[in-house]
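Read the structure below first, then the notes.
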Amino acid sequence: MSPRGELRGRAARLARLLPAGSAGAGRAARTPFVLLVVLLLGGGLITLLMLNSALNEGSFRLNDLKKQTTDLTEDEQALQRDVDAYAAPDALQRRARELGMVPGGDPAFLNPDGTVRGVPGAATAPSTLWRPAPPTPEVAGTPASPSPTPSATPSATPKATPNPTSSQVKPAPSTSGR
């Protein structure tokens, strides 16, 4: 009696699926295992490649952001230097004179009860505020006209009112409590 003849039902059907002989049975069981190992190794390599690409992309982005931060920091520092130069007392005084402003006179202060402390006075323009007109550009072949000399006309020299009326005097802001 053969061993296959004794099997019945389900066992007989399974026995028919397996090849006869022990050499074929070992090879048939090894093939799915090898395929599984190859697929796992291939999937792992592809996953590592994708992870490496994502990390490299992130490092490039980080490098770009660092460069942008450095550029913006340099711009901020340059702007801060400009602000500091414009806020310097001598620069403020020069620009105020260019605009025709004069140093203020004696200040007067308002007390909380509404009384005025001090004697308000109008600012007087010093005579050293005259500045020459800017030079005119020369046209080819035509000499530039000489710069005008200062004149004593009212439009050329600003004058302060000797006795200001009460409507012209503006009270100075209170600096107490700062």
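Keep in mind the model is a prediction, meaning the values are calculated, not measured.
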Euclidean distance, K66 NZ relative to T70 OG1, rounded to 0.5 Å: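 With rounding to 0.5 Å, OG1 (T70) is 9.0 Å from NZ (K66).
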
For L72, the rest of its hydrophobic cluster, which grows through side-chain links under 4.5 angstrom: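 The other cluster members (ILVMFWY side chains, heavy atoms under 4.5 Å, direct or chained): none.
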
Members besides V119 in its Ile/Leu/Val/Met/Phe/Trp/Tyr cluster (side-chain heavy atoms under 4.5 Å):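 Joined to V119, directly or through intermediates: none.
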
Set of side chain to side chain contact (heavy atoms under 4.5 Å, CB included) partners for R95, sequence neighbours left out: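 Side chain to side chain contact (heavy atoms under 4.5 Å, CB included) check on R95 returns Y86, A91, L92, E98.
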
All side chain to side chain contact (heavy atoms under 4.5 Å, CB included) counterparts of D113, not counting sequence neighbours: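 Testing D113 for side chain to side chain contact (heavy atoms under 4.5 Å, CB included), a comparison that skips the adjacent residues, returns N111, T115.
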
Sequence neighbours excluded, every pair satisfying salt bridge (Lys or Arg N to Asp or Glu O under 4.0 Å) that has a member inside residues 70-90: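 Matches after skipping sequence neighbours: K67-D71.
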
Heavy-atom pair with the smallest gap, counting every atom of G118 and V116: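 In this case the closest contact between G118 and V116 is O-CG1, 3.8 Å.
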
Audit row: Q68, D64, side-chain contact (heavy atoms from CB on, under 4.5 Å) steps and yes/no: CA-CA 6 Å; Q68 183 181 7; D64 290 342; over 6 Å; no

Which pairs would a plain distance check flag for residues 37-53, meaning a side-chain donor or acceptor within less than 3.5 Å of a matching protein atom at least two apart in sequence or in another chain?
residue: T47; atom: OG1; partner: G43; partner atom: O; Å: 2.7
residue: S53; atom: OG; partner: L49; partner atom: O; Å: 3.0

